[in-house]
Amino acid sequence: MGIVNEPAVTGAAAETETTDGFHLVIDALKLNGIDTIFGLPGIPITDLTRKAQAAGLRVIAFRHEQNAGYAASIAGFLTRKPGICLTVSAPGFLNGLNALAHATVNCFPMILISGSSEREIVDLQQGDYEEMDQLAIAKPLAKAAFRVLHAEDIGVGIARAIRAAVSGRPGGVYLDLPAKLFSQSMDAAAGRDSLIQVVDPAPRQLPAPEAVRRALDLLKGAKKPLILLGKGAAYAQADTGIRALVEKTGIPYLPMSMAKGLLPDTHEQCASAARSFVLPEADVVLLVGARLNWLLSHGKGKTWGGKGPKAWGGQKFIQVDISPQEADSNVRIDAPLVGDIGSCVSALLEGIGEGWTKPPAEWTAAIAERKSKNIAKMAETLAKDPVPMNFHSALGVVRDIVKANPDAMLVNEGANALDFTRSIVDMYQPRKRIDVGTWGIMGIGMGYCVAAAVTSGKPVIAIEGDSAFGFSGMEVETLCRYDLPVCIVVLNNNGVYKGTDVDPTGRDPAPTVFVKGARYDKLMEAFGGVGVHVTTPSELRAAMEEAIRSGRPTLINAVIDETAGTESGRITSLNPSAAKKK
Ligand code: ADP
């Protein structure tokens, strides 16, 4: 490679004195505890992937950058370290950009590192190979964006990217590394000195005592209090404190989908099965790491007991969030509590002290009654064994398998496949359920599977709609290549939402239908994994049990009734055509 000094920086014999851009990038990442890179090699970063692997970093190479990016974003969520996605210039960069925006929107720490073409040519628009002003394009979609032009600035560039990704509200960061940077050489000792080991990258942020008092006063006066846990609470890894807060106050709680399992969904204070009752009824709501965005109907309207579609329901809100700008974004926040969740929860617990009165029994009893009614209704539905299999009978099996394997990761995407899984499959441990997140997008599936397996070392179960699976399906090769313990269940109803639409002109297939009777299981077999085709719950159970037992990459093509599924799942109201049809 013409680089004679590798050992000087990477730590073997110090026989020469120069280092280069490649090694400085690798050393800076390693110095900051980054151990994995998700990416896709090509010009100008191929050698970076090789050298990173040689230097002991884990390099997971994908078939498409979007999936590598989604893997990096969720690795960030799971580990609180920035997930790294490495791409080539222009098209590779653009493919990774979707995931960068996803990380920013979801508050996941991630760094998209892309190689880029020559600045001088790009800026004069002279038509370089893969010419693109990537920094400018990334900026509006990232929490921060940086470019490094000189080898001696690599340490600073990476330190800034790490701080920006993980401090305060986490997010996606773009780091632009032009091709020329990698081959720049400099004195090895000076190179070493230029690197920065970031001290306290995500500093704690203590809430103000008066803000804590204000929040507690409001909570104490509540007759029908409710705690709402969001994925920020899961991210914070303050599991013990959150559990103590819920149990000590005795307040019923609702987990957002990625906060499921922070306390087991079977916890007696969990109000998930009475969601449509507690939201409009609650008088004081404590939001912990959850935004009042569309997923919570913006905190107003009928969901919250408001008289009209946008009317305030009368609730008072306490919002724990690290971002001081989040409060009042949709409705008035009466008691904003700005700080990191761990510190805020500790302060609340301390303020509660010993003399806390639990919520009135009428409130908790009313919730318990609704819950048991709804749980019994669901049990009845799950006990049915229709032919052909439907979402419920298939997910009844998944529910049992997850219960028997509470430490397995659960990846979930689709429309109906997402909505039904979220409500049917209970979670028992924190950060085990990872899904489409704030945008409700499809395409996260296989990227998340790879990252979940690599970062957790636990079995991964992916429940995928057949449409959702198609966005990242080629990554089954990646799963096989790295031999990851991932069991994918494709709930196959031959189409988007369902498989029964027809083209009224009779010319083409309808835009929402796929090849009937498709065998997704064969895709996995093509790369040496296990493919299973099932049509009944008992076959599905046997296949999932075997997949978990063997730890081999497995794809189960679970055929379900093609008439099953509603258009847009539970968000029909957001789809103008489906809402009109209703
Ligand atoms: P959900 O979709 O589950 O409701 P959101 O993504 O809407 O969750 O909200 C997550 C919130 O958590 C964001 O507003 C973010 O600022 C906040 N957050 C993330 N990490 C922390 C943390 N460590 N401490 C406090 N707030 C956090």
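When a ligand or atom number is given, it counts from 1 through the structure's own listing order.
- N412 pairs with exactly one of R433, R422, E464 by the side chain to side chain donor-acceptor pair (under 3.5 Å) rule, that one being R433.
- When I111, L29, I60, I113 are each tested for a side chain to side chain contact (heavy atoms under 4.5 Å, CB included) with I37, only one passes: L29.
- Cation-pi check for R160 over F146 is not met; the charged atom does not lie both under 6.0 angstrom from the ring centroid and within 45 degrees of its normal.
- Considering backbone and side-chain atoms together, I341 places an N or O closer than 3.5 Å to an N or O of ligand 1.
- Residue G230 approaches ligand 1 through these ligand atoms, each under 4.0 Å from one of its heavy atoms: 3 (O).
- A heavy-atom separation below 4.0 Å is not found between G168 and ligand 1.
- Counting heavy atoms from C-beta outward, I158 and V25 have side chains that approach closer than 4.5 Å.
- For F317 and W312, the ring centers are positioned 6.0 Å apart or more.
- Heavy-atom contacts from other residues, nucleotides or ligands closer than 6.0 Å to CD of E210 number more than 12.
- Protein heavy atom nearest atom 26 (N) of ligand 1, with residue, atom name and distance: I322 N, 3.1 Å.
- Side-chain polar atoms of N98 and H102 form no donor-acceptor pair below 3.5 angstrom.
- The only option from I74, I444, T421 that meets the side chain to side chain contact (heavy atoms under 4.5 Å, CB included) definition with V411 turns out to be I444.
- At least one N or O atom of D321, backbone or side chain, sits closer than 3.5 Å to an N or O atom of ligand 1.
- In terms of protein heavy-atom proximity, atom 2 (O) of ligand 1 is nearest to K231 NZ, 2.7 Å.
- Considering backbone and side-chain N/O atoms, M256 never comes within less than 3.5 Å of an N/O atom of ligand 1.
- Considering both main-chain and side-chain atoms, D340 never comes within under 3.5 Å of ligand 1 through any nitrogen or oxygen pair.
- Closest to atom 10 (C) of ligand 1 among all protein heavy atoms lies G289 O, 3.1 Å.
- Of all atoms in ligand 1, numbered sequentially from 1 with element shown, those under 4.0 Å from a heavy atom of G339 are 24 (N), 25 (C).
- Considering backbone and side-chain atoms together, R291 places an N or O closer than 3.5 Å to an N or O of ligand 1.
- The protein non-hydrogen atom at the shortest distance from atom 19 (C) of ligand 1 is G232 CA, 3.8 Å.
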(Q) Walk me through whether E413 and Y448 qualify under side-chain hydrogen bond (donor to acceptor under 3.5 Å, both in side chains). (A) CA-CA 10 Å; E413 64 174 337; Y448 273 26; over 6 Å; no
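- The protein non-hydrogen atom at the shortest distance from atom 20 (N) of ligand 1 is Y235 CD2, 3.6 Å.
- Close approach of ligand 1 to N293 is summarised as follows: ligand atoms under 4.0 Å from at least one heavy atom of the residue are 7 (O).
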